[in-house]
Amino acid sequence: MCYTFLPWIFLSLSLILFTTTSAKVPAIIVFGDSSVDSGNNNVISTLLKSNFQPYGRDFYGGQPTGRFCNGRIPPDFISEAFGLKPAIPAYLDPAYDISDFATGVCFASAGTGYDNATSKVLNVIPLWKELEYYKEYQQKLRAYVGKKRANKILREALYLMSLGTNDFLEDYYIFPTRKSQFSVRQYQDFLLGLGENFIRELHSLGVRKLSITGLPPMGCLPLERATNILGQNECVGEYNTVALEFNRKLEGLVAKLNKELPGMRMVSAPAYDIFYQIITKPSLFGFEVTEVACCSTGTFEMSYLCSEYNPLTCSDANKYVFWDAFHPTEKSNKIISDHLIPSLLAKFFH
C-alpha cells in the first residue's frame, strides 16, 4: 500500500524544487502581529480573531481566513512578487501542512508585540513562542525535504518581521505598569533591545535575509482619531512622533546588526512615509475616506465588533484607506507593498 504514495511524494517534492528554482527566493517566512498574521489566532483562545465575515470578503472566494483585512495583507503581495504563492498560510491552520509551508509560512499573531506583557493583554502568541514554532518548523522541513535542501531553503528564504504598534497602543499608553517603569523613549529602547535579541537568535538559527518593518503612523488609525476628541479627531501627533523616533532607532539597529552578524543582510522597510501620504493625500491614491474605516461605524470596531450584520459597513472597501479601526484595506496594503517591493527585490534578488 505504501508504494501508492511514493508518486505523490515525488511529485510534491518536484513541485517544491521547481517553484524554488524559478522563484527569486525559496520561501517567505513571517513573524509579527496583525499587520502580517494570516490566521494563527483562529485556533488559540483569544477574543482577537477575524475568521468571520465581513473579514475576507474580497479575499479569494470571499472567505475569511483570519487576516485582519477585507483581502490580502503585505506578505501575500511580497510572496507573489518574489515568484511564490499569492497567499502565505498560517502555521497553526490545520488546513495546511509542511508541503504548503515549504515555500512560505506565517508565525505571526494579531495583538502581539516585542514585549511579552503586550501579548498577555489579549492572550495571544508572544514573540518567543513564534520563535519556538519556527524551530519546530525547521525540524519538519528537514524531515520533509532532507537536511541539506531544508538548510538551503532556510538560509536563502526571505524573512519578514512587522510588529511594535501594539506595544504602545495596547500596552504602554493603556496600562500603568510599563509607563511607571519607563519613559516613552526608554520604552522604545527596551523594545529594540528585545528585538535585537530576537534577531540574534534568528541569525543563530541560520536566518540571513530579513526585512523588518517599523511602526506606521499610529496616531492616524481611526480608533486613535475617534478618541482624540479634544484634538477634533485629527491624528494624534504624539503617537506619530513616537513612531518616527522608534523607526529611526530601528534603522540604527539594522545598521549595527548588519555589521556585527556574519552574512546577515537586513533592511528596515520604510512603510511609514507611504502610509502617511495615503492618509493625508488620499485622493492621489484613489481613496475617498481616510478618517474612519469601512467596517461598521469605522471608529472603534475591529474583530467581533466588525460585524457583517451592521448596516453601516461600506459596500466598496476600495474607497477607504482603513478596513477596520486598526487595519488598512487590501487596496492600502497593496499600495504600501508595491512601494516596498522594488527595494526588497534589489536587496535580496541578484
Side-chain angles (χ1 to χ4, degrees), residues 12-13 15-16 19-20 23 25-46 48-51 55-56 59-60 63-69 72-80 82 84-114 116 118-119 122-145 149-151 153-163 166 198-199 201-202 204-207 209-213:
S12 182
L13 292 173
L15 285 171
I16 291 171
T19 301
T20 54
V25 292
I28 302 286
I29 299 174
V30 186
F31 301 96
D33 59 19
S34 60
S35 60
V36 291
D37 180 6
S38 57
N40 286 306
N41 278 22
N42 297 355
V43 296
I44 64 173
S45 180
T46 178
L48 195 58
K49 296 177 186 284
S50 60
N51 56 334
Y55 287 98
F59 194 76
Y60 301 111
Q63 293 299 310
T65 60
R67 289 167 172 79
F68 279 78
C69 187
R72 291 197 286 167
I73 53 178
D76 299 326
F77 293 113
I78 293 170
S79 176
E80 187 173 39
F82 272 78
L84 295 166
K85 54 200 170 195
I88 296 181
Y91 183 66
L92 298 182
D93 190 332
Y96 301 96
D97 60 23
I98 190 62
S99 65
D100 304 292
F101 301 145
T103 55
V105 61
C106 172
F107 300 100
S109 175
T112 203
Y114 290 101
N116 286 337
T118 302
S119 65
L122 288 165
N123 192 39
V124 299
I125 302 167
L127 194 57
W128 67 265
K129 185 64 174 177
E130 291 187 25
L131 189 65
E132 290 304 306
Y133 284 136
Y134 171 65
K135 292 176 184 177
E136 181 182 86
Y137 163 75
Q138 285 193 327
Q139 296 307 312
K140 289 181 180 179
L141 188 65
R142 290 183 179 118
Y144 182 59
V145 299
R149 177 64 186 160
N151 288 344
I153 291 171
L154 295 167
R155 184 177 63 252
E156 296 183 1
L158 174 58
Y159 295 78
L160 307 177
M161 277 180 68
S162 176
L163 69 167
N166 298 316
F198 182 82
I199 293 164
E201 180 72 10
L202 286 179
S204 74
L205 292 168
V207 172
K209 300 176 182 179
L210 175 63
S211 171
I212 181 167
T213 304

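We're numbering straight along the sequence, starting at 1.
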Might you point out which heavy atoms bring [X] and [Y] nearest each other, and give the distance in Å?
{"X": "Asn51", "Y": "Pro64", "value": "C-CB, 3.6 Å"}
{"X": "Ile88", "Y": "Asp76", "value": "N-OD1, 2.9 Å"}
{"X": "Ala27", "Y": "Ala102", "value": "CB-O, 3.6 Å"}
{"X": "Ile44", "Y": "Asn123", "value": "CD1-O, 4.0 Å"}
{"X": "Asn40", "Y": "Asp37", "value": "N-OD1, 2.9 Å"}
{"X": "Cys69", "Y": "Tyr55", "value": "N-CD2, 3.5 Å"}

Residue pair [X] / [Y], side-chain heavy-atom distance below 4.5 Å:
{"X": "Leu141", "Y": "Ile98", "value": "yes"}
{"X": "Leu154", "Y": "Tyr137", "value": "yes"}
{"X": "Thr112", "Y": "Asn166", "value": "no"}
{"X": "Thr213", "Y": "Ser35", "value": "no"}
{"X": "Leu202", "Y": "Leu131", "value": "yes"}
{"X": "Ile125", "Y": "Leu92", "value": "yes"}
{"X": "Phe107", "Y": "Glu136", "value": "no"}
{"X": "Met161", "Y": "Phe198", "value": "yes"}

Handout entry: Tyr134 and Phe31 aromatic ring geometry - parallel, tilted or perpendicular at 30°/60° bounds
Key = perpendicular
Problem - CA sep, side-chain torsions, deciding dist, call: Asn41, Ser109, side-chain hydrogen bond (donor to acceptor under 3.5 Å, both in side chains) - result: CA-CA 6 Å; Asn41 278 22; Ser109 175; 2.6 Å; yes
If you measure from [atom1] on [X] to [atom2] on [Y], what distance do you get to the nearest 0.5 Å?
{"X": "Tyr91", "Y": "Ile29", "atom1": "OH", "atom2": "CD1", "value": "11.5 Å"}
{"X": "Glu130", "Y": "Asp33", "atom1": "CD", "atom2": "CG", "value": "8.5 Å"}
{"X": "Gln138", "Y": "Ile153", "atom1": "CD", "atom2": "CD1", "value": "11.5 Å"}
{"X": "Trp128", "Y": "Tyr133", "atom1": "CH2", "atom2": "OH", "value": "8.5 Å"}
{"X": "Ile73", "Y": "Ser162", "atom1": "CD1", "atom2": "OG", "value": "9.5 Å"}

Answer yes or no: is there a donor N or O on one side and an acceptor on the other, between the side chain of [X] and the main chain of [Y], under 3.5 Å?
{"X": "Arg72", "Y": "Pro86", "value": "yes"}
{"X": "Thr46", "Y": "Leu122", "value": "yes"}
{"X": "Lys209", "Y": "Ala157", "value": "no"}
{"X": "Lys85", "Y": "Asp100", "value": "yes"}
{"X": "Ser50", "Y": "Arg67", "value": "yes"}

Problem - Residues Glu132 and Lys135 bridged, charged N to O under 4.0 Å - result: yes
Problem - Leu158 vs Ile78, side-chain contact (heavy atoms from CB on, under 4.5 Å): CA-CA, chis, key distance, verdict - result: CA-CA 10 Å; Leu158 174 58; Ile78 293 170; 4.3 Å; yes
Handout entry: Tyr96 vs Val105, side-chain contact (heavy atoms from CB on, under 4.5 Å): CA-CA, chis, key distance, verdict
Key = CA-CA 10 Å; Tyr96 301 96; Val105 61; over 6 Å; no
